[in-house]
Amino acid sequence: MTQSVDMSVTLAGLRLRSPVLTASGTFASGREFADFIDLERLGAVVTKGVSLEPWEGNRGPRIAETASGMLNSIGLQNPGVEAFCATDLVWLAEIEVPVIVNVSGHSADEYAAVIERLEREPGISAYEINISCPNVDAGGMAFGTACAPAERVTRACRSATSRPLIVKLSPNVTNITEIARAVESAGADAVSLINTLLGMAIDARTFRPRLARIVGGLSGPAVKPVALRMVWQVANAVDVPVIGMGGIADAEDAVEFMLAGATAVSVGTANFVDPTSAIRITDGLAEFCRARSIPRVAELTGALRT
Amino acid sequence: MTQSVDMSVTLAGLRLRSPVLTASGTFASGREFADFIDLERLGAVVTKGVSLEPWEGNRGPRIAETASGMLNSIGLQNPGVEAFCATDLVWLAEIEVPVIVNVSGHSADEYAAVIERLEREPGISAYEINISCPNVDAGGMAFGTACAPAERVTRACRSATSRPLIVKLSPNVTNITEIARAVESAGADAVSLINTLLGMAIDARTFRPRLARIVGGLSGPAVKPVALRMVWQVANAVDVPVIGMGGIADAEDAVEFMLAGATAVSVGTANFVDPTSAIRITDGLAEFCRARSIPRVAELTGALRT
Amino acid sequence: MGGCACSHHAVSPALERVTVVANEQVATGVGLVVFEAPRTAAEVLPGQFVHIRIAEGTSFILRRPFSVHRVRGGRIEILYQVVGVGTRALAEAGPGTVMDLVGPLGHGWEIPEGAAHALLVAGGLGAAPLGMLAEELARRGVAVTVAAGAPSEKRLLARELFEEVARRVELATDDGSCGTTGLVTGVCESLLDDEALDVVYTCGPEPMQRIVAAQAAAAGISCQVSLERLMACGIGACLSCVVPTTDGLMRACVDGPVFDAASVVWESAERVPEHSS
Amino acid sequence: MGGCACSHHAVSPALERVTVVANEQVATGVGLVVFEAPRTAAEVLPGQFVHIRIAEGTSFILRRPFSVHRVRGGRIEILYQVVGVGTRALAEAGPGTVMDLVGPLGHGWEIPEGAAHALLVAGGLGAAPLGMLAEELARRGVAVTVAAGAPSEKRLLARELFEEVARRVELATDDGSCGTTGLVTGVCESLLDDEALDVVYTCGPEPMQRIVAAQAAAAGISCQVSLERLMACGIGACLSCVVPTTDGLMRACVDGPVFDAASVVWESAERVPEHSS
Ligand SMILES: Cc1cc2nc3c(=O)[nH]c(=O)nc-3n(C[C@H](O)[C@H](O)[C@H](O)COP(=O)(O)OP(=O)(O)OC[C@H]3O[C@@H](n4cnc5c(N)ncnc54)[C@H](O)[C@@H]3O)c2cc1C
Ligand SMILES: Cc1cc2nc3c(=O)[nH]c(=O)nc-3n(C[C@H](O)[C@H](O)[C@H](O)COP(=O)(O)OP(=O)(O)OC[C@H]3O[C@@H](n4cnc5c(N)ncnc54)[C@H](O)[C@@H]3O)c2cc1C
Ligand SMILES: Cc1cc2nc3c(=O)[nH]c(=O)nc-3n(C[C@H](O)[C@H](O)[C@H](O)COP(=O)(O)O)c2cc1C
Ligand SMILES: Cc1cc2nc3c(=O)[nH]c(=O)nc-3n(C[C@H](O)[C@H](O)[C@H](O)COP(=O)(O)O)c2cc1C
Ligand code: FES
Ligand code: FES
């Protein structure tokens, strides 16, 4: 069939040309991938985490491979919001693609301060608030594993901007729907999940942890079942749209997340395995719809038959 | 080197000839594996979950394969404690191996009632209280995801027996060390972890969940990083011994769990992949120690170099 | 049901290292793999299966269950349809490839005492477990009639085997490229009318087996079905594979895959991915 | 540092489907694999690497980084040591096997303007990235002296290549089976004394590179090292592979793997699994 598929989706007021985004921290600001794919075909570029001051990140080794996945403890290394505006944003300004800036902080005020600085910049479509990074001591996941701090950070960010606010949730919780409802009530326009699962790897030969920081975040196909479950639970618990991610490696994975209730999906670890993943998945998603005469990809969202 | 390795470990007062146990629900009561391995070489047989009344379990499909893992939603199907005593225990009485009975219930009283019935039976070395099954509606994981109910169930079981009491923890929590401390304070002689991670699988071709019950428990190599991390956290948080499990497929995996702090390990999903797994791992563990002139396998426990 | 198909009784399963000696496509999307597997070949009974670890180090970890289609000397033959990652890997396994299997497994077909005439109804891949049975029946002097169906002639399986041992073979294809146009259940219906049968054996898509079972019941003839369920352990330990029966939940891997049709409590929902046959 | 080793400048990496044309063991536990890889072969510079997806559908998902050892026409050669699951799979890849790689990647060796005499110090697998460099230096008329070390003669790598293009080759083995008995750093020390060198290039176990860097510094000669780090993306996006330098954290995959030794802030802890070489 040659009939074309409407791949656009609307997310927190943003009209995206595709539901396929990049997962923060796995795509930098896209520059390194421009050699492999046409960035302008992405639904949006989600940048790596940006903080108020430069962050050094953690000592190495920073990654360890695991069965069908990987652990990372990068620790949000980034040059800080000033440098980000001076370099990444300037480069991105030349590209016709929505930019979602992933924001990190050690305190609610710091998150808000990053946003305040970014508010002065054009060309930012939305913010993704990372309250779920397992790789930093202060802040990070601590904000994402209880309702009160999650709400506090969301409120602080909400009051700092009228741009769409996406809050990124941690899977390392007993009940993710509680947290999702909390950030929704605090003003989030969308939620994204999952961030990485806290994990650990040990080298039996050396008796040492494989990561210098001992623990790190698990990502990749191994986590997909947990991610799908949480996306499904959250999509049924909140009214705001959900951005689903966790182990997406091919178009069928993306379809599964949309059926579970995701309005858009993010591709993370798969970018390392195949730098063309995001576009390969976009094309596969269109083909999936075409083959089934589904006119709009958005119709997949929540279409799970239970 | 031909020097032999002392493979015995002491767990909650039990002297086991090996640190390698079988994970509940993956080994039935051992009968089906007797064709493949010498059960008497196991540290102990941990039986499938036993409840007061017979349980039907969930509708099928009950399993789904995932990347380096599998989901199950068996739902603790079992004939009830009476039938268990009349058949499995009678069969096990002929075998020279410690028996740890895994206990399930819909309420604290039901758990205790199962134990009271089992107290009348000889040949039971310990109980493993499953407060972490994600596949039953009433009870199961509900008891294992908050301190109060976990304590309540543990107390009820504690008062019903003087035999060693092992409480099996759920990984689907924000802070597993809290729960571990709670059950320790309530009288648990040991804790075992992890049970399965709540997950989901979807068939993109049919738009349906792969499991009739929609969600199920994730196990296998995919979960090993999360399991190792939790074993390490719990071993550092409680004084009682830890039985580690989650994705153990070879001897190196077993070593990693012991280094992280486990006194013993359980082999689960690997029994399906290779019915000789538990013994293959036992032999590999002895060889690992022999090759490094480690005289007692117990020396691996907590030997992680951080 | 009456006596068992075996001169000897079902032996306990073992882990056997087996070697691929041949592996060819025999129909669209269907392959026939031959394994050197002396222990299994010597012990397997008609209707039993083996649980194969197709590959190690892959992202799929579970074994795959396959019926033994035929035995020749120390070799077993398996008819398989390529439907997913495991069977794709199996299709790529050339001669010399070593795998391990657990088997023989399960409760196979039963041959009632004094049965003189049996009808075998095969839908697509359903021909797989019926191959050994047809040969065993013939060996015992039981008259065999076969009704086999497939989407098209090119998809008909085990035709030579059936024509060699059966007294009568009726074929049906959806596209009419061979035999009756239509479903094998239609052929079964008429065979139940014009032949004097003692027992019906069927395997194929579950809805088709269910219809055959109903037809046999209506004709007052005992019927055995072979059911597929998702299986983790394959040896009775995990309870992945349960089938509701009049005697309660049974395990397809040890109490089945062959069941007395009368005892099966048919379920509406599909329990396993349907073969595209 | 001075000019760059390339007639042309480093080009952007691409995803290239490559085919194994040969793959043989060349030393104990070390293989040499030759890929038909025209695009990479045409563009790769000495010291650059490729990121190979050795297998798909396996339980290990990440690519594996390997230096390009030599280029011959449209083919690239890689010297690899079997240390784990990925290199084991690579060792099993026969001629005809298709893989994909991302490359050429990284910042390679630099040849200072007017350099007349270079010392290459290779420890075990460290010979891998020095092969192309030795050939390029010779091509440019720069005198090449090589110091290569290994546990034993059978583990010495690229000996023919070095002896072909180098003016002088000094070998060292731990067991004395060939050349000086002892470490290559000992040989390096004396070469730094009795030769007039303009630049030192080294690759091998990090502790050894660190010693060579110190020896060169003491001798007042500029030194370049090639550092290994665990790499996820290989293209600069994930920050897995950082190396502390006097200019801050650098990425081994794009700012390296070759660094000016003077800029490296050596770390005590081992950052990557040590080669058993
Ligand atoms: C007792 C028994 C005998 C069988 N005999 C044959 C035979 O002779 N020839 C043949 O072609 N097929 C047979 N099947 C079906 C065969 O096992 C599946 O087609 C095969 O497992 C599919 O694996 P896959 O990885 O290619 O498919 P995937 O869909 O990728 O497999 C995913 C998971 O689902 C399971 N699965 C998928 N389809 C089935 C199915 N129909 N039945 C059971 N499990 C399934 C797989 O084992 C695996 O665990 C039999 C099944 C059973 C239970
Ligand atoms: C820039 C660069 C160039 C290299 N060139 C060569 C070469 O020419 N020849 C050669 O034999 N080896 C080379 N290596 C090392 C090679 O990448 C590893 O030996 C290989 O990745 C091991 O994979 P494995 O699966 O066999 O080992 P495993 O230990 O199973 O790998 C597990 C994980 O650790 C990573 N890893 C393990 N060892 C290393 C290492 N030493 N460096 C980086 N990552 C590692 C793997 O990539 C994988 O992600 C190079 C490494 C880098 C960074
Ligand atoms: C190397 C790496 C770095 C990451 N950095 C960030 C980050 O800076 N901010 C963030 O919100 N998530 C970060 N993540 C999490 C991913 O965005 C994503 O949520 C997670 O990896 C699950 O998706 P995947 O399985 O497709 O990778 C990072 C993940 C990886 C693997
Ligand atoms: C099919 C299946 C059934 C299980 N049944 C039980 C059970 O009855 N009681 C229990 O405590 N855990 C049960 N578990 C959890 C395992 O005992 C184990 O905790 C988990 O599978 C992780 O270990 P593994 O990755 O080695 O399988 C079951 C797991 C599987 C796969
Ligand atoms: S497959 Fe495990 S009981 Fe049948
Ligand atoms: S490997 Fe990703 S930045 Fe170097």
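Computed over heavy atoms, backbone and side chain alike; hydrogens, waters and symmetry mates excluded.
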Checklist outcome for this item: Most contact-rich option vs chain C, by heavy-atom pairs under 4.5 angstrom, among B:A67, B:G25, B:P275, is B:P275
Checklist entry - Would you say C:S240 and B:F272 make side-chain contact, with heavy atoms under 4.5 Å? => result no
Next on the checklist: Less than 4.5 Å to any heavy atom of chain B: does that hold for the side chain of C:A14, its backbone, both, or neither?
Outcome noted: backbone
Checklist entry - Which answer fits B:T66, side chain, backbone, both or neither, if we ask what part of it has an atom under 4.5 Å from a heavy atom of chain C? => result backbone
Next on the checklist: Could you report the tightest heavy-atom contact between B:E32 and C:A237, atom names first, then the distance?
Outcome noted: CG-N, 4.1 Å
Checklist entry - Rounded to the nearest 0.5 Å, what separation is found between the SG atom of C:C238 and the CD1 atom of B:I63? => result 6.0 Å
Checklist entry - Mind checking what makes side chain to side chain contact (heavy atoms under 4.5 Å, CB included) contact with C:A27, not counting sequence neighbours? => result C:V30, C:L157
Checklist entry - From C:L239 CG over to B:T26 OG1, what is the distance, rounded to the nearest 0.5 angstrom? => result 11.5 Å
Checklist entry - Do the non-hydrogen side-chain atoms of B:D274 and C:R53 ever get within less than 4.5 Å of each other? => result yes
Checklist entry - Between B:S68, B:A64, B:A270, B:G57, which residue shows the highest count of heavy-atom pairs closer than 4.5 Å to chain C? => result B:S68
Checklist entry - Taking side chain as C-beta onward, heavy atoms only, is C:P244 less than 4.5 Å from B:E56? => result no
Item to check | Closest contact, heavy atoms only, B:T269 versus C:I61 | outcome: CG2-CD1, 3.8 Å
Item to check | chain C neighbours within residues 79-100 of chain B, where any heavy atom lies under 4.5 Å away | outcome: none
Next on the checklist: Quick check for you: among B:M70, B:K48, B:Q77, B:R208, which has the greatest number of heavy-atom pairs under 4.5 Å with chain C?
Outcome noted: B:Q77
Checklist outcome for this item: Under 4.5 Å to a heavy atom of chain C? For B:T206 that would be neither
Next on the checklist: So that I can tick it off, tell me whether B:E65 and C:R64 are bridged by a salt bridge, with the cut-off set at under 4.0 angstrom between side-chain N and carboxylate O.
Outcome noted: yes
Item to check | B:F36 versus C:L15, closest heavy-atom pair with distance | outcome: CE2-N, 3.7 Å
